[in-house]
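Quick note: numbers below take in every heavy atom, side chains included, and nothing from hydrogens, waters or symmetry partners. Here is the naming used below: chain letters follow the sequence lines, and residue numbers restart at 1 for every chain.
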Amino acid sequence: MSTQVFYFVATLSIIFSLMVIFAKNPIHSVLYLILTFFTFTVHYVLLNAQFLAVVNFIVYMGAIMVLFLFVLMLLNLNNETEPSKSPLIKIVGVIAGGCLMVTLIGSLKATTISSPLILKNPGLGLVENLGKELFGPFLLPFELSSLLLLAAMVGAVLLSKRDEVEA
Amino acid sequence: MDTGFIIEKFILVAVIFGISLVIAMYSTYAERKVAAYLQDRLGPDRAGPFGILQPLADGLKMFMKEEIIPTTSSKWLFIAGPGLALLCACIGTAVIPWGSPVLIAGKVIPLQVSDINVGVLYIFGVVSLGVYGVMIGGWASNNKYSLLSAIRAASQNISYEIAMGLSIIALLLMTNTLSLKEIVVQQHGFKWNVWYQPLGFIIFLVCSFAETNRAPFDLPECETELIGGYHTEYSSMKLGFYLFAEYINMFVSSAVMATLYFGGYNYPGMDWIAAHWGPTWAPLFGTAILFGKIFFFIFFFMWVRWTIPRFRYDQLMNLGWKGLIPLAIANIIITGVVIAIIEKF
């Protein structure tokens, strides 16, 4: 049952992620990205990581993607406004893409088919256990990452305030 | 999973869905009556006695009207918008405990569709998803007023979600659980959370007004600036879906407030009732009490709408970012300190 659900959802994830790239309209791309994140939420639920699932739901689908959509709607991108790219950029793109493909193929060759996933501790994803892990053995990295977010926030405020001082 | 379980849950879902729709329908009637009372008018009184058939007439009108899809709109998203709005409004009811387990035909049935252990976060996720219906509909209409309104809705929702989340954190510090069922059980009798978290409740209340786009936070449909707001281009039942979604959102957020802060189905003297009325009628009486609380909050939504004028946009943002968020953080700190002191001594 769970395996079948996994394959179904995984197929959907791949289809939606491909649609993100292939959609002509940037707004449609973002909407497909939202669907992709939704399938990720289902994956987390299948792994019994309920907290992560719901946080993925709130933070990525509910907040970050809303901001993406927000910005794209304000920009109102369409075919006319898209700048035409010079041949040099296209060549650079092809080379970079080719390098990425070689790397991916190389790493895919090294992998073997994994054995069916067995969670060592099925209850790890529940809120209580996750909290104990985060605020116990992983306290320092956890606090450091929150400091990083704070620094990003201060930086954003500084960038938006600088114009005001100069003017 | 046995068939009985599935049938039981299916019936429960169908009943809750039906009740949500009926309450949303009669909220439109109640809104007009409340407005009429506050403005010293009579309100709708033609269809049936006291006008109680008015919602049916309105619904019929919505269905009979011509359905217009603007030629320049993106058709699929234009259709998906209202559907998404209504869907997001309805799925919030799944984790709310409507009553304590009730004994029906020799079987104890929990009056909650699903007791997931992250129930509070689920509600929060559904709330944050609710804005997509408005955004997609507003953008797909290909009308600048609809788009402006959709953008207003998005920024308003994101701003107030933060304060709402912070106010819930203070509550969770006390309850030590994210399961709505356990939160309700903890408030047995008259130990309602609102007595311990009055500030948190007020912040939550204000934010839920903003999240449901109700006055005084109904800037997305501010008709003096934006014609009709995000649903300017909509007609017929698609418009009906948007209006309906607003009333269902109101119902769900009233239910969440009653559950988180006002004890859900708990009421003073419930032990006496439980001892005397038996295991079938006492829980159902509790459910009736919960609905009484919900109706009060729905009335409160309407009361405020017809009393307070709409905010200006900068006032809205100032209140959210400079008023509610610092207050909510202060509330978390105070709650944390008090809990630490109580645990020490």
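B:Ser155 touches chain A through backbone and side chain together, each having a heavy atom under 4.5 Å away. Only the side chain of B:Leu77 comes within contact range of chain A, judged by heavy atoms closer than 4.5 Å. In this structure, the portion of B:Leu178 lying under 4.5 Å from any heavy atom of chain A is its side chain and not its backbone.
Taking CD1 of B:Ile329 as the reference point, atom OG of B:Ser167 lies at 11.5 Å (rounded to 0.5 Å).
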Inset, instruction - May I have the step-by-step check of side-chain contact (heavy atoms from CB on, under 4.5 Å) for A:Val66 and B:Asn157, ending in yes or no? - result: CA-CA 10 Å; A:Val66 172; B:Asn157 270 40; over 6 Å; no
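Ranked by heavy-atom pairs under 4.5 Å with chain B, the list A:Leu31, A:Val59, A:Val55, A:Ile27 is led by A:Ile27. Listed options B:Ile151, B:Val118, B:Leu129 were ranked by heavy-atom pairs under 4.5 angstrom with chain A; first place goes to B:Ile151. Contacts with chain B were tallied for A:Leu67, A:Ile34, A:Ile58; A:Ile58 has the most, counting heavy-atom pairs under 4.5 Å.
Side-chain atoms of B:Tyr132 come within 3.5 Å of backbone atoms of A:Met61 as a donor-acceptor pair (strictly under, hydrogens ignored).
Heavy-atom neighbours of A:Phe37 CZ from other residues, nucleotides or ligands within 6.0 Å: above the threshold of 12. Crowding of B:Lys181 atom NZ: a count of heavy atoms from other residues, nucleotides or ligands under 6.0 Å not exceeding 12.
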